[in-house]
Amino acid sequence: MMQTGLIHPSNPGCFYYLPVALRSLEKLVRLIDEEMHAIGGQKVDMPALCSAELWKKSGRWELMGKEMFRLLDRHNGEYCLGPTHEEAVTELFASQTTMSYKKLPLLLYQVTRKFRDEQKPKFGLLRGREFYMKDMYSFDINEEAALHTYNSVCQAYGRIFDRLHLKWVQVQADTGNIGGTLSHEFQLPADIGEDKLLVCGNCGFSANIETLEPGQAECSQCQTGKLTESRGIEVGHTFYLGTKYSQAFKALFVNASNVPAVAEMGCFGLGVTRILAASIEVMSTEDAIRWPGLIAPYQVCVLPPKKGSKAHEATLKAEELAQSLGNSLPNLKGEVVLDDRTQMTIGKRLKDAKILGYPFVVVVGQTALDDLASFEVVCQQSGETLFLSKDGLVDLLSTVETI
Ligand code: ATP
Ligand code: MG
């Protein structure tokens with residue numbers, strides 16, 4: 001990502017997101033928004049600057065240790081830069097004095113920067129000290145309803161990874177310092193993954209190794225299958241919290257019998273910048289980036305011929321093509337790049353386009369000037385090269401999914 005100018009390193013674990021990467025990140029956020037809205041999620045934005053008081057109330061001010069970035073304001077008030085927002089959101093809920101059971105479930109989420117002073121920030125965006133997370137918090141009337149919400153969020157997470165065409169597994173997970181009683185991680189299988197997973201060959205049960213007995217070889221669910229080890233990148237984590245935070249913050253609602261009751265909570269994280277980096281990690285080759293089609297920064301790159309070459313007259317054709325694809329196909333609005341660095345050969349620019357991983361590269365050369373004009377189309381996702389007429393090209397590109 002650094003070599004291709006997607007990101008630029010700042011201090012350890014912090015990055016500049018450059019324009020091309022930011023397009024992809026914004027698409028990923030739109031995809032997440034769609035799936036969160038589909039299950040009733042409402043987007044909010046909470047302060048990154050969180051007062052120590054909140055964290056002392058839940059007992060996590062001490063517990064978070066060195067991972068928390070702490071600071072003082074001018075009055076010596078203690079603060080942290082939010083690593084997660086259970087405390088803040090629960091206080092927000094608790095401050096609503098007229099919370100009726102009729103308003104539940106309430107699902108609030110945000111996509112914001114999180115700050116964690118990781119011991120070893122590494123692998124670029126995979127483990128940053130400042131990174132984007134989508135964190136959702138749910139409030140329900142009782143355990144049954146909270147578990148229903150829990151499952152519905154897990155299903156939405158599955159849909160997000162399916163729409164990105166990524167292989168994923170949902171594994172039994174540890175609740176760590178967030179707490180609660182039930183937890184899953186969403187993992188992308190990858191050799192560089194830092195998490196060790198065990199998957200049952202018989203019933204499909206999967207778990208993070210941290211949750212099992214050391215050396216456990218037999219499945220704890222079906223008791224017959226053998227567990228095999230693999231590695232994964234944790235891209236999402238879900239927790240059923242019960243009343244751990246709502247109790248401490250008096251997050252109450254008025255139930256159907258008109259009596260105040262403590263809300264049941266869940267919390268659900270997706271590592272937005274980690275998903276971006278992890279999907280590039282699992283899809284790319286040593287020397288070329290590949291993106292999940294839906295979040296590729298641009299869908300199409302059009303290459304006009306080199307200035308002064310024999311095919312030079314096709315330059316105008318290339319410009320028209322780039323314009324008309326972007327204008328006539330609604331899915332390609334803003335998605336077509338014209339690589340007009342025509343002092344460079346087509347070969348050199350094609351190489352760049354392959355490295356950057358545009359799903360479609362259209363070469364406008366000599367054959368574009370023939371009576372039956374045709375274009376060379378490199379489909380990078382499938383690896384095919386096609387020769388298509390303008391109509392053929394439009395048909396092909398009209399089916400491209402964008403967000
Ligand atoms: P890890 O075990 O990798 O340190 P975590 O379990 O501490 O992560 P959670 O608190 O579960 O992380 O955060 C929710 C999600 O945020 C994670 O599933 C992951 O995708 C993402 N995430 C966590 N830490 C980082 C980080 N340092 N950089 C980028 N993304 C992160
Ligand atoms: Mg986690």
Side-chain angles (χ1 to χ4, degrees), residues 1 6 24-25 27-28 31-32 35 118 120-128 131-134 151 153-176 182-222 224-239 268-296 357 359 380-383:
M1 292 182 80
L6 292 170
S24 180
L25 204 57
K27 289 181 179 185
L28 180 55
L31 169 63
I32 293 171
E35 293 298 340
E118 297 278 353
K120 278 195 204 136
K122 60 174 172 181
F123 299 141
L125 300 188
L126 286 183
R127 185 171 296 285
F131 58 95
Y132 280 96
M133 195 201 288
K134 186 286 303 177
N151 289 330
V153 181
C154 287
Q155 282 165 16
Y157 279 15
R159 278 194 298 275
I160 289 169
F161 297 118
D162 283 345
R163 289 179 67 186
L164 295 171
H165 298 287
L166 294 168
K167 264 206 215 134
W168 57 278
V169 273
Q170 180 178 346
V171 306
Q172 168 182 298
D174 212 14
T175 53
L182 172 71
S183 175
H184 290 92
E185 286 167 356
F186 288 74
Q187 298 266 357
L188 303 186
D191 292 338
I192 70 146
E194 294 186 275
D195 288 282
K196 285 189 184 160
L197 315 176
L198 290 174
V199 179
C200 173
N202 181 40
C203 70
F205 167 80
S206 320
N208 191 313
I209 209 164
E210 299 164 354
T211 65
L212 301 177
E213 298 298 324
Q216 187 175 332
E218 218 161 64
C219 177
S220 45
Q221 186 163 283
C222 68
T224 49
K226 282 258 169 309
L227 297 172
T228 47
E229 194 176 311
S230 60
R231 284 183 168 272
I233 302 173
E234 178 194 327
V235 284
H237 201 159
T238 57
F239 302 81
F268 310 89
L270 276 183
V272 180
T273 36
R274 188 181 282 184
I275 292 173
L276 181 67
S279 57
I280 290 175
E281 171 61 34
V282 299
M283 294 184 69
S284 302
T285 61
E286 267 307 301
D287 41 31
I289 290 190
R290 290 294 174 270
W291 308 82
L294 202 53
I295 60 164
Q380 303 223 71
Q381 312 287 61
S382 65

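In this structure, Glu213 places its CD atom where only 12 or fewer heavy-atom neighbours from other residues, nucleotides or ligands lie under 6.0 Å away.
Among residues two or more places apart in sequence or in another chain, the side chain to side chain donor-acceptor pair (under 3.5 Å) test is passed with Ser183 by His237. Contacts of Thr273 classified as side chain to side chain donor-acceptor pair (under 3.5 Å), with partners at least two apart in sequence or in another chain: none. Evaluation of the side chain to side chain donor-acceptor pair (under 3.5 Å) rule for Asn202 yields Thr224 as partners, not counting sequence neighbours.
Sorted by first then second residue, the salt bridge (Lys or Arg N to Asp or Glu O under 4.0 Å) pairs that include residues 188-210, not counting sequence neighbours, are Lys122-Glu194, Arg127-Glu194. For residues 276-292, there are no salt bridge (Lys or Arg N to Asp or Glu O under 4.0 Å) pairs, not counting sequence neighbours. Under the side chain to side chain donor-acceptor pair (under 3.5 Å) criterion, the residue pairs touching residues 154-163 are Glu34-Arg163, Glu35-Arg159, Glu35-Arg163, Lys134-Tyr157, Asp162-Trp168, with sequence neighbours excluded.
Across all their heavy atoms, Ala278 and Leu188 have their closest contact at CB-CD1, 3.8 Å. In this structure, Val235 and Phe161 approach most closely via the heavy-atom pair CG2-CZ, 3.5 Å.
With Gln216 contributing its side chain and Glu218 its backbone, the two residues share a donor-acceptor pair below 3.5 Å. Put simply, the side chain of Ser279 gets close to the backbone of Ile275: a donor and an acceptor are under 3.5 Å apart. A donor-acceptor contact shorter than 3.5 Å is absent between the side chain of Arg231 and the backbone of Ala190. Here the side chain of Ser382 pairs no donor or acceptor atom with the backbone of Gln380 at under 3.5 angstrom. Between the Ser24 side chain and the Ile295 main chain, a donor and an acceptor come within less than 3.5 Å of each other. Formation of a donor-acceptor pair under 3.5 Å by the Gln187 side chain with backbone atoms of Glu234 is found in this model. Looking only at distances, a side-chain donor or acceptor of Gln381 sits under 3.5 Å from a matching main-chain atom of Trp291.
Looking at Leu25 and Tyr132, their side chains come closer than 4.5 Å, going by heavy atoms from C-beta outward.
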